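Here the structure is laid out as structure tokens; the discussion comes afterwards.
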Amino acid sequence: MSSSKSQKIKPQTLRGFRDFLPDQMMAREHLIDIARSVYRSYGFAPIDTPALEYAEVLLGKGGEESDKQVFRFTDQGDRDVAMRFDLTVPLARFAAQYVQELGVPFRRYHIAPVWRGERPARGRFREFMQCDFDTIGTTSNSADIETLFVINDLLEKIGIERFTIRVNNRRVLNGLLEKHDLLPHTVSILRALDKLDKIGREAVIAEMVERTGIDPQRAGRVLDMAELKGTPEEVLAVLDGMLAGSQTGELGLANLRELFSAVNSCGIPKERISLDVAIARGLDYYTGTIYETLLGDLPEIGSVCSGGRYDNLAELFTSQQLPGVGASLGLDRMLAAMEELGMTQKATTPAPVLVTMFDASHINEYLAMGRALRKSGIGAEVYPEAKGIGKQMKYADKKGFRLALIAGADEFSQGVWQIRNLKEGNQLAVPASEIIPQIQSLLK
RNA sequence: GUGGCUAUAGCUCAGUUGGUUAGAGCGCCAGAUUGUGGUUCUGGAAGUCGCCGGUUCAAAUCCGGUUAGCCACCCCA
């Protein structure tokens, strides 16, 4: 290989694929840590599945449109393979394969990248992270309610102060469509309905009429119900009358009523959970409760955590019935929102303490101090070169270290270290034996 | 996948009707400051103007293609 300029390979990433620098990665890992701990606190266990699957396992599950987005190719062994485009289809395959040994109900979380060959746009990439959690093998509404609780705890732990989890139930929508003889048009109608917030009542009616050929009056009646406003109790009362006689609709209402009752008695702030008959979620496979989560300070960014209940996850892989309910945190969207809300920190070091290297002849003391700090659970970086102390302080400042430890000939002869507080701009000399407790209290 | 906009230093962007050696701010590196960061001052490095081709005496500038990004639609996290 020549080192001439013209032969250098251009460093570049593929369309829709991204690199993450330390500050971005710190924020990502922080969010993932929170998701992990909340999921675990409800008993969800981690799993992972391969990025690559047989194409037949993945394809044909989300309609033609999503098949077109799948990265698919023939591998070196002439197999027809595809990269996973979500975590739900792999879960279906996984569940069908292992349900015998796992038993039900089974709760898993899966935090992993997925790939879609669609056109990238703002907040949309060809490789992105999903943070799914699902409870499968039970039809109990209790699992639906706990799914809501998980979403609530997740947002709370992330530090979002104002958010709304909008809840609806597909059965309620189906009951309504049933009463208006619109069941054959379910997919088109719900897809149009889902855009209500974005495009408004008239445009939704127009789209329904255009896509299904129904007359505007009937479309309007769907909207009348979808636009119901008020407390969950008020909306439920109106729906009760509207859906009377529809078994499906009444079942959906009963589940919603139970859910809101649990919200009230389990200490979830009432104002965070709304009953919104207009949300439908695009995915065809939802059959019961559906959720989406909007940020109070940035609703226009869209749902940051959505999900719902499905009747039979694994029917394509096994004859065993596997109903389930779950949701997914949109990590990239959440991060974009946090960035816009100024919630991300700027530090690019994961360690709070920098041990400066003042005098290279004492290298062992500096290295030993680093080890001592880490042994006490304090992250510490030892500056690798005995450069000017000003330079090292500059580095500490830029990287966002909270404390810097400094010791030269004077300190070593007195048996002390200087602890410099970068934020406050002050420092104190501390005997070597008291360094650790002193730092621990400073970092509190 | 369809339509539109854009691409100049690490980042944000100037760059006149095509004209000689392409600029600024921020950042980066060094020095002022060989025992102390954030402020300030001084200096420095860094661009074959996304890439390929065409028109022209001459292209960052005009044209075509290509790659990437942004916006809308579609769909979705």
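A, B, ... follow the sequence lines: proteins, then strands. Residue 1 opens every chain. Computed over heavy atoms, backbone and side chain alike; hydrogens, waters and symmetry mates excluded. Only a predicted model underlies this, so the values are computations on that prediction, with no experimental measurement involved.
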So what does [X] hit on the nucleic acid, given a heavy-atom distance under 4.0 Å: a base, only sugar-phosphate, or nothing?
| X | result |
| --- | --- |
| A:Gly388 | nothing |
| A:Phe125 | base |
| A:Gly16 | sugar-phosphate |
| A:Gln130 | sugar-phosphate |

Quiz prompt | Protein-nucleotide distance (A:Asp19, atom CG; B:C11, atom P), rounded to Å | solution = 13 Å
Quiz item: Do A:Phe128 and the base of B:A77 stack face to face, with centres under 5.5 Å apart and an angle between planes under 30°?
Solution: yes
Quiz item: Does A:Asp311 come within less than 4.0 Å of A:Arg170, counting only side-chain N to carboxylate O?
Solution: no
Quiz item: For the base of B:G1, is there a side-chain donor-acceptor partner from A:Gln69 under 3.5 Å away?
Solution: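 For A:Gln69, whose side chain was compared with the base of B:G1, there is no donor-acceptor pair (under 3.5 Å).
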Taking only nitrogen or oxygen atoms into account, show me every contact under 3.5 Å that the protein makes with nucleotides 30-32 of chain B, one pair per line with its distance.
residue	atom	partner	partner atom	Å
B:A30	OP1	A:Lys391	NZ	3.2
B:A30	OP2	A:Lys391	NZ	2.6

Quiz prompt | Listed nucleotide nearest any side-chain atom of A:Ile389, set B:C76, B:U36, B:C29 | solution =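 Minimum distance to the A:Ile389 side chain belongs to B:U36.
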Quiz item: Can you give the dot-bracket line for RNA chain B, using ( ) for pairs inside the strand, [ ] for pairs that cross earlier ones, | for pairs with another strand and . for unpaired bases, where Watson-Crick and G-U count if both distances are under 3.5 Å?
Solution: (((((((..((((.....[...)))).(((((.......))))).....(((((..]....))))))))))))....
Please list each protein N or O that sits under 3.5 Å from an N or O in nucleotides 3-6 of chain B, with the distance.
residue	atom	partner	partner atom	Å
B:G3	O6	A:Arg119	NH2	3.2

Exercise. Return the residues of residues 420-433 of chain A meeting this criterion: a heavy atom under 4.0 Å from some atom of RNA chain B. Order them by number, or give none.
Key: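 Here the set is A:Arg420, A:Asn421, A:Leu422, A:Lys423, A:Gly425, A:Gln427.
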Quiz prompt | Residues forming a salt bridge (charged side-chain N to carboxylate O under 4.0 Å, His left out) with A:Arg40, sequence neighbours excluded | solution =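 Partners of A:Arg40 under the salt bridge (charged side-chain N to carboxylate O under 4.0 Å, His left out) test: none.
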Quiz item: So does A:Arg15 get a side-chain nitrogen or oxygen closer than 4.0 Å to the phosphate oxygens (OP1/OP2) of B:G69?
Solution: yes
Exercise. Report yes or no: is the cationic atom of A:Arg107 (NZ for Lys, CZ for Arg) under 6.0 Å from the centre of the six-membered ring of A:Tyr42, at an angle within 45° of the ring normal?
Key: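 Geometry flag: not set, cation outside 6.0 Å or 45°.
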Quiz item: Want to settle it: does A:Leu329 or A:Lys195 sit nearer the 5' end of RNA chain B, counting the closest nucleotide to each?
Solution: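 It is A:Lys195 whose nearest nucleotide is closer to the 5' end.
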Which atom pairs, one a donor and one an acceptor, fall under 3.5 Å between side chains of residues 375-394 of chain A and the rest of the protein, sequence neighbours left out?
residue	atom	partner	partner atom	Å
A:Ser376	OG	A:Ala372	O	3.2
A:Glu381	OE2	A:Tyr395	OH	2.7
A:Gln392	OE1	A:Met357	N	2.8
A:Gln392	NE2	A:Met357	O	2.7
A:Gln392	NE2	A:Lys387	O	2.9

